[in-house]
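Notes for the one structure printed next.
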Amino acid sequence: MINHVSIGVRNLAKTKAFYDAALKPLGYACLSEGETSLGYGKDGVALWISPSDSPVPADMKSGLHFCFDAPSRKSIDAFHAAALAHGGRDNGKPGLRADYDPNYYAAFVIDPDGYRIEAYCGKAG
C-alpha cells in the first residue's frame, strides 16, 4: 500500500551511520546516496531521508513509528544492538509481544532524531 516514507533529519552523516548499522541485520541497505538524500531498502528505496532544519518533533504520545520487516528473531536482536551502539535509544528490548500475536517478536528503538522505529518478525521460533 505504501510506496515509500520520507523523513527529515538534522545530521545526515550521523543518521547514515545509524541506519546503515541498524538496518543491515534486517537485510536493508543504503541504495541511494547524495548530498541531499539517503534512500534505504532491499529491492528498491522505501525510506528516504533528507536534511531538515525542522524535523518532526519527537512525541511519544503521537503513535508515529516505522516498522521494518525482519527475516528472523536473531536479526531483530542484532538490529537492536546495532541501533543502540550507533546513537539510538532503547524503546523496547527484543522479545515476544504475545498480547499482539503469539509469534510477534519485535524490538523498538528511537533514532538520533527521535523517530521511533521497530523491527518485527512473525515467524514461529
Side-chain angles (χ1 to χ4, degrees):
M1 174 170 46
I2 296 174
N3 180 271
H4 69 273
V5 173
S6 299
I7 61 172
V9 299
R10 288 180 183 81
N11 183 319
L12 204 58
K14 182 178 180 179
T15 299
K16 182 175 186 331
F18 173 83
Y19 279 97
D20 282 356
L23 296 181
K24 183 178 180 178
L26 306 179
Y28 304 114
C30 186
L31 302 178
S32 176
E33 181 177 359
E35 289 184 28
T36 60
S37 69
L38 301 170
Y40 287 87
K42 188 173 187 174
D43 299 320
V45 174
L47 174 65
W48 286 103
I49 300 172
S50 60
S52 174
D53 291 333
S54 56
V56 173
D59 182 351
M60 293 298 288
K61 295 179 182 178
S62 73
L64 175 67
H65 78 282
F66 304 101
C67 180
F68 296 95
D69 284 328
S72 68
R73 292 178 180 189
K74 185 176 180 178
S75 70
I76 292 172
D77 298 343
F79 153 83
H80 188 263
L84 297 185
H86 289 85
R89 292 179 288 139
D90 177 52
N91 196 33
K93 297 188 183 330
L96 282 172
R97 297 334 195 251
D99 51 325
Y100 298 164
D101 182 87
N103 291 317
Y104 198 106
Y105 192 91
F108 303 83
V109 297
I110 300 171
D111 84 356
D113 281 279
Y115 292 104
R116 296 183 309 145
I117 60 174
E118 172 186 358
Y120 156 79
C121 180
K123 296 176 185 174

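Remember, predicted model here, so these are calculated numbers, not experimental data.
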- Please collect all side-chain hydrogen bond (donor to acceptor under 3.5 Å, both in side chains) contacts where either partner lies in residues 114-125, sequence neighbours excluded, each pair once. H65-E118, Y104-E118
- Could you tell me which non-hydrogen atom of R73 sits nearest to which non-hydrogen atom of L96, and how far apart they are? NH2-CD2, 3.4 Å
- Message: For residues 69-95, which residue pairs pass the ring-ring contact (aromatic ring centres under 6.0 Å, His included) check, not counting sequence neighbours?
- Response: none
- Item | Cluster overlap L64 with I2, hydrophobic side-chain contacts below 4.5 Å | yes
- Query: So if you build clusters from Ile, Leu, Val, Met, Phe, Trp, Tyr with side-chain heavy-atom gaps below 4.5 Å, do F68 and I49 land together?
  - Reply: yes
- Query: Side-chain heavy atoms under 4.5 angstrom apart, residues restricted to Ile, Leu, Val, Met, Phe, Trp, Tyr: same cluster for V109 and L47?
  - Reply: yes
- Minimum heavy-atom distance between D90 and L84, given as atom pair plus value: N-CD2, 3.2 Å
- Message: Count I, L, V, M, F, W, Y as connected when their side-chain heavy atoms are under 4.5 Å apart, and connections chain through other members. Are F18 and F66 then in the same cluster?
- Response: yes
Could you pull out every donor-acceptor pair under 3.5 Å between side chains of residues 50-60 and any protein atom, sequence neighbours left out?
residue : atom : partner : partner atom : Å
S52     : OG   : S54     : N            : 3.0
D59     : OD1  : K61     : N            : 2.9

- Hits for side-chain contact (heavy atoms from CB on, under 4.5 Å) against K14, two or more places apart or cross-chain, chain-then-number order -> N11, P112
- Message: Applying a strict under-4.5 Å side-chain criterion to I, L, V, M, F, W and Y, I'd like to know whether I7 and L26 cluster together.
- Response: yes
- Query: Does anything in residues 16-38 pair up under side-chain hydrogen bond (donor to acceptor under 3.5 Å, both in side chains), and if so which pairs, sequence neighbours excluded?
  - Reply: K16-D20, Y19-D111, D20-Y40
- side chain to side chain donor-acceptor pair (under 3.5 Å) with N91: which residues, sequence neighbours excluded? none
- Donor-acceptor contact below 3.5 Å, side chain R97 vs main chain G95: yes
- Between I76 and the options P25, C121, P71, the side-chain contact (heavy atoms from CB on, under 4.5 Å) test singles out C121
